[in-house]
*Asks:* 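Dropping a structure here in structure tokens format, bear with me for questions.
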Amino acid sequence: MFPPFDPDLDVVTLARALIGARLLVRGAGGLIIETEAYALDDPASHSFRGLTPRNATMFGPAGHAYVYRSYGIHLCLNVVGRRGEAVLIRALAPDAGLEQMQARRGQGPLCAGPGRLAQALGIEPDDDGKAFDGRELQLIPFADTGPALWRGPRIGISQAQERPWRFGLAGAKGLSRPFPRQQG
DNA sequence: CCAACGATTCGCT
DNA sequence: GCGAATCGTTGGC
């Protein structure tokens, strides 16, 4: 549910807090192992140029799902934070609804990458704007103190590449891409 | 109205 | 490692 996440958390803190949390979409999901933060004064963010029909959910209340279509093909799932801020969920360690996910994804990685993750979870355009209220969408915070994190530059952006706002669960299998410190 | 561009993924070289 | 697929959104004319 949302709270117990603080709706006033800055988006980078929220992105870190979501690592290790449990995400369930209509019963399918698992442990969040990779996130990225997108802020309001952030050239890489959809909200940077102000409110538009597509990004309207980013300007709505915290704790709702911002779903958008990428490259005309894939869907991506975000958790909205403060006004104009959102956290992109990039990878899960799936452990619930595995059969369903496999049926949607076929062979290959299930939840490593935002497009794959959205497909595995059965995310639809209609999910945009829905609340993480424990009905269709559920977020369960990591119970313990914060897990060890890896941090690095965000993936696939052309602006604000200097902001290291990608976070991963240290040592996790199933990350969408290696982190810099992971490279040998 | 029109053209450019992705917060990506997959398949082939 | 590279390029195609694919289409809604966005911004400029």
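A, B, ... follow the sequence lines: proteins, then strands. Residue 1 opens every chain.
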*Asks:* For the salt bridge (charged side-chain N to carboxylate O under 4.0 Å, His left out) test, which of Asp133(A), Asp127(A), Asp128(A) pairs with Lys130(A)?
*Replies:*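 It is Asp127(A); the other options fail the test.
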*Asks:* Tell me, do Phe132(A) and Leu23(A) make a side-chain contact under 4.5 Å, heavy atoms counted?
*Replies:*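 Result yes, sub-4.5 Å side-chain heavy-atom pair found.
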*Asks:* Between dA7(B) atom C1' and Ile157(A) atom CD1, what is the distance in whole Å?
*Replies:*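 Ile157(A) atom CD1 is separated from dA7(B) atom C1' by 8 Å.
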*Asks:* When the P atoms of dA4(B) and dA4(C) are considered, how many whole Å apart are they?
*Replies:*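 Pairwise P distance, dA4(B) against dA4(C), rounds to 16 Å.
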*Asks:* In whole angstroms, how far is the C1' atom of dT10(C) from the CZ atom of Arg54(A)?
*Replies:*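 Rounded to whole Å, this separation is 8 Å.
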*Asks:* Arg151(A) side chain to Pro164(A) main-chain N or O, any donor-acceptor pair under 3.5 Å?
*Replies:*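 Here the side-chain-to-backbone pair exists.
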*Asks:* Between atom CD1 in Ile123(A) and atom C1' in dA7(B), what is the gap in whole Å?
*Replies:*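 Rounding to the nearest Å, CD1 of Ile123(A) and C1' of dA7(B) are 16 Å apart.
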*Asks:* Choosing from dT8(B), dC10(B), dG11(C), which nucleotide comes nearest the side chain of Arg105(A)?
*Replies:*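 Nearest to the side-chain atoms of Arg105(A), counting from C-beta on, is dC10(B).
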*Asks:* OP1 or OP2 of dT8(B) versus the side-chain N and O atoms of Arg90(A): is any pair under 4.0 Å?
*Replies:*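 It does, given that an N or O in the side chain of Arg90(A) lies less than 4.0 Å from OP1 or OP2 of dT8(B).
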*Asks:* To the nearest Å, how far apart are Phe48(A) CZ and dT9(C) C1'?
*Replies:*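 From Phe48(A) CZ to dT9(C) C1': 17 Å.
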*Asks:* Is the phosphate of dC10(B) approached by Arg116(A) (side-chain N or O, under 4.0 Å from OP1 or OP2)?
*Replies:*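 The answer is yes; a side-chain N or O of Arg116(A) sits under 4.0 Å from OP1 or OP2.
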*Asks:* To the nearest Å, how far apart are Ile73(A) CD1 and dA4(C) C1'?
*Replies:*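 Taking CD1 of Ile73(A) and C1' of dA4(C), I get 9 Å after rounding.
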*Asks:* Can you check the Tyr71(A) OH to dA7(B) C1' distance for me, whole Å?
*Replies:*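 Taking OH of Tyr71(A) and C1' of dA7(B), I get 8 Å after rounding.
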*Asks:* Measure from the side-chain N and O atoms of Arg154(A) to the backbone N and O of Ala37(A), and report whether any donor-acceptor pair falls under 3.5 Å.
*Replies:*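 Flag set: sc Arg154(A) to bb Ala37(A) pair under 3.5 Å.
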*Asks:* Could you please name the partner base of dC1(B), counting Watson-Crick and G-U wobble pairs only when both distances are under 3.5 Å?
*Replies:*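 When the pairing criteria are applied, dG12(C) turns out to be the nucleotide that pairs with dC1(B).
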*Asks:* What is the distance from CG of Leu75(A) to C1' of dT9(B), rounded to the nearest Å?
*Replies:*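 Taking atom C1' of dT9(B) as the reference, CG of Leu75(A) is at 13 Å.
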*Asks:* Separation of Glu34(A) atom CD from dA7(B) atom P, in whole Å?
*Replies:*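 Value for this atom pair: 16 Å.
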*Asks:* Kindly indicate whether the side chain of Tyr68(A) and the base of dA7(B) share any N or O donor-acceptor pair separated by less than 3.5 Å?
*Replies:*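 Flag set: donor-acceptor pair detected.
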*Asks:* With a 3.5 Å distance limit and no angle check, can you tell me whether Arg116(A) reaches the backbone of Ala112(A) through a side-chain donor-acceptor pair?
*Replies:*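 Side chain of Arg116(A) to backbone of Ala112(A), a donor-acceptor pair under 3.5 Å: yes, one is there.
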*Asks:* In the structure shown, which nucleotide is the Watson-Crick or G-U wobble counterpart of dC2(C), with both distances under 3.5 Å?
*Replies:*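 dC2(C) is paired with dG11(B).
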*Asks:* For dA7(B), does OP1 or OP2 lie under 4.0 Å from any side-chain N or O of His46(A)?
*Replies:*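 Yes, His46(A) has a side-chain N/O under 4.0 Å of OP1/OP2 on dA7(B).
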